[in-house]
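Okay, so here's the structure we're looking at.
Note on naming: letters A, B, ... go to the chains in the order of the sequence lines (proteins, then strands), and numbering restarts at 1 for each one. These figures come from a predicted structure and were not determined experimentally.
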There are 2 protein chains.
Amino acid sequence: MLEPHDFQKNALLGLLPEDELGRLMPHFEEVTLTLGQSLCESGQHMHHVYFPLDSIVSLLCVMENGASTESAVVGYEGVVGVSLFMGGETTPSRAIVQSAGKALRLKGQLLKNEFYRAGPMQRLLLRYTQALLTQMAQTAVCNRHHNLDQQLCRWLLLSLDRLQGNELIMTQELIANMLGVRREGGTEAAGKLQRAGLIAYHRGHIHVLDRQGLEERVCECYSVVKDEYDRLLNHHNVM
Amino acid sequence: MLEPHDFQKNALLGLLPEDELGRLMPHFEEVTLTLGQSLCESGQHMHHVYFPLDSIVSLLCVMENGASTESAVVGYEGVVGVSLFMGGETTPSRAIVQSAGKALRLKGQLLKNEFYRAGPMQRLLLRYTQALLTQMAQTAVCNRHHNLDQQLCRWLLLSLDRLQGNELIMTQELIANMLGVRREGGTEAAGKLQRAGLIAYHRGHIHVLDRQGLEERVCECYSVVKDEYDRLLNHHNVM
DNA sequence: AACGTTATGTGCGGTAGCGTACAGAGATTA
DNA sequence: TAATCTCTGTACGCTACCGCACATAACGTT
């Protein structure tokens, strides 16, 4: 049986009043997400929604030719499966585990029932979805206007914010896929950051050595997204 | 006083059951939107939501240096101001009228009241918001992977779908701003389409001569977005 | 220890779009 | 009619990233 403090590890669930959460608590189960696992295939029905704890999930747009790009990232601050309560049931995006870890999952129907009570859970999920909208819009503009170096910084910082440590288990090939560029492009950008002493990587492990250095190089897109999440999902504003 | 058939010109309102719409009908007012008019500034509170009839509105991400890119487009199939009912009240995006025309507007508080009844209007608005999510995600991937020619085709087709005629009042400079490229880049791409006989333009007026030709050149992003709108906002699915 | 696999480094030609500069032609105003 | 403004066309060097090819090195397996 899960303890109340387990739920605090997900920021959304942590914002819920106790009695609201109490109603759903018995129905949650903790699952372990493994790197590369798919939580949602394009156009397929999901059976659960996932509230990441220390795992990170990427929402990917996959194209006909197989190329893909991350449109948003979801960690402890969010939930995977907004299409369930938004009413569409499916989405053209894929959801892939980008960093292994734990998540709490709930049967889709149970979340929908709770959502349609039109109470705190609904308010919370809608505010979160708006944050997701912002992240996607900003990703679109970033893909257009900023160079790979800056985008890599943005990606690292967004990931770092969703991890407890400062190490990412991630090959340059995977990062490049997320950013929608060649593996070689990712290698070159990562090499620059390593030579600048901001990160150190080795065969699929990336250590962030100088977070502030990354923040100095990153484009504004990072803070636009972060500030909007903070505003929308701040305890004072939401309840 | 507006007649019931006025509301049918907006696809969202047209999907509402008569009694639901009837409750709100007296509170709508018809407004004329002019080219370039701003309906929503970044971070500012909106007082109304707008349901376009024959006008088109672009949602833009504006950056510090003034450069901007369209993240989504809204016409008769949608509504401008989702942040009101999503709970965030404001958004970092701007909403700019891209094609002059009429819209129905409603005081924000009235729409919120209706939304919180958790009835058909809520279901409809949430499904629409999910469609918007898809459009933004697809814009992000399109900006990354497809060249300007294809993106221009996508943009023209998305606009055309939201107009009754086949003429756009739009300078190449404005199109370039929407796509987030240089004016010269837009000129060159438009020139290719004109030489191919697909469009004819002259000082701010673009005539689409061969819609099918555009559809043959456009990237898949167009149909991904269109199909998802059709699915989510289809009469059979939504009510 | 030998081998295959995986992760990373590098080089090279190609190209799409950028920044800049300038020109011309239609529209508007004086 | 002249002057001005707006919209569009074109050219040129530059840069970032692509596509491809290949090299190197670390790790795991047997």
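- At whole-Å resolution of the value, CG in Asn143(B) and P in dG17(C) are 11 Å apart.
- Mapped onto DNA chain D by nearest heavy atom, Gly180(A) and Gln172(B) fall at different nucleotides, with Gln172(B) at the one closer to the 5' end.
- Looking only at distances, no side-chain donor or acceptor of Asp210(A) sits under 3.5 Å from a matching main-chain atom of Ile199(A).
- If you measure from atom CG of Leu179(B) to atom C1' of dG17(C), you get 13 Å, rounded to the nearest angstrom.
- Under 3.5 Å, the side chains of Gln98(B) and Glu70(B) contain a donor-acceptor pair of N or O atoms.
- Salt bridge status for Lys192(B) with Glu188(B): absent, with no side-chain N to carboxylate O gap under 4.0 Å.
- Here dT8(C) presents its P atom at 9 Å from CG of Leu174(A), a figure rounded to the nearest Å.
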Exercise. At under 4.0 Å between heavy atoms, which parts of nucleotides 20-25 of chain D does protein reach? Answer with one letter per nucleotide, 5' to 3': B base, S sugar-phosphate only, - none.
Key: BB---B
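- Across the protein-nucleic acid pair, His145(B) atom NE2 and dG17(C) atom P stand 14 Å apart, rounded to whole Å.
- Going from atom CG of Leu35(A) over to atom P of dA7(C) covers 10 Å, rounded to whole Å.
- Residue contacts for Gly204(A): at a heavy-atom cut-off of 4.0 Å it reaches the sugar-phosphate backbone alone, with no base atom in range.
- Using a 4.0 Å cut-off, no side-chain N or O of Tyr201(A) falls inside it from OP1 or OP2 of dA26(D).
- In the model, Thr90(B) has a side-chain atom that pairs as donor or acceptor with a side-chain atom of Arg231(A) under 3.5 Å.
- Distance Ile175(A) CD1 to dT8(C) P: 8 Å, rounded to the nearest Å.
- Rounding to whole angstrom units, NZ of residue Lys192(A) and C1' of dT10(C) are separated by 14 Å.
- Closest contact between the side chain of His202(B) and the listed nucleotides dA27(C), dC18(C), dT8(D) involves dA27(C).
- Using a 3.5 Å distance cut-off with no hydrogens or angles, the side chains of Tyr222(B) and Glu215(B) do not pair a donor with an acceptor.
- Between the side chain of Ser68(B) and the main chain of Val62(B), no donor-acceptor pair closer than 3.5 Å is present.
- Mapping Arg195(B) and Leu148(A) onto DNA chain D via the closest heavy atom, the residue that lands nearer the 5' end is Arg195(B).
- For the residue pair Gln172(B)/Thr187(B), the side-chain donor-acceptor check at 3.5 Å is satisfied.
- Stem regions for DNA chain D, each three or more consecutive Watson-Crick or G-U pairs with both distances under 3.5 Å and listed by first number, read C:1-30 with D:1-30.
- Looking at Arg144(B) and Gln151(A), their side chains do bring a donor and an acceptor atom within 3.5 Å of each other.
- Between Leu193(A) atom CG and dG9(C) atom C1' there is a gap of 16 Å when expressed in whole angstrom units.
- Looking at Ile175(A) and Ile206(A), their side chains come closer than 4.5 Å, going by heavy atoms from C-beta outward.
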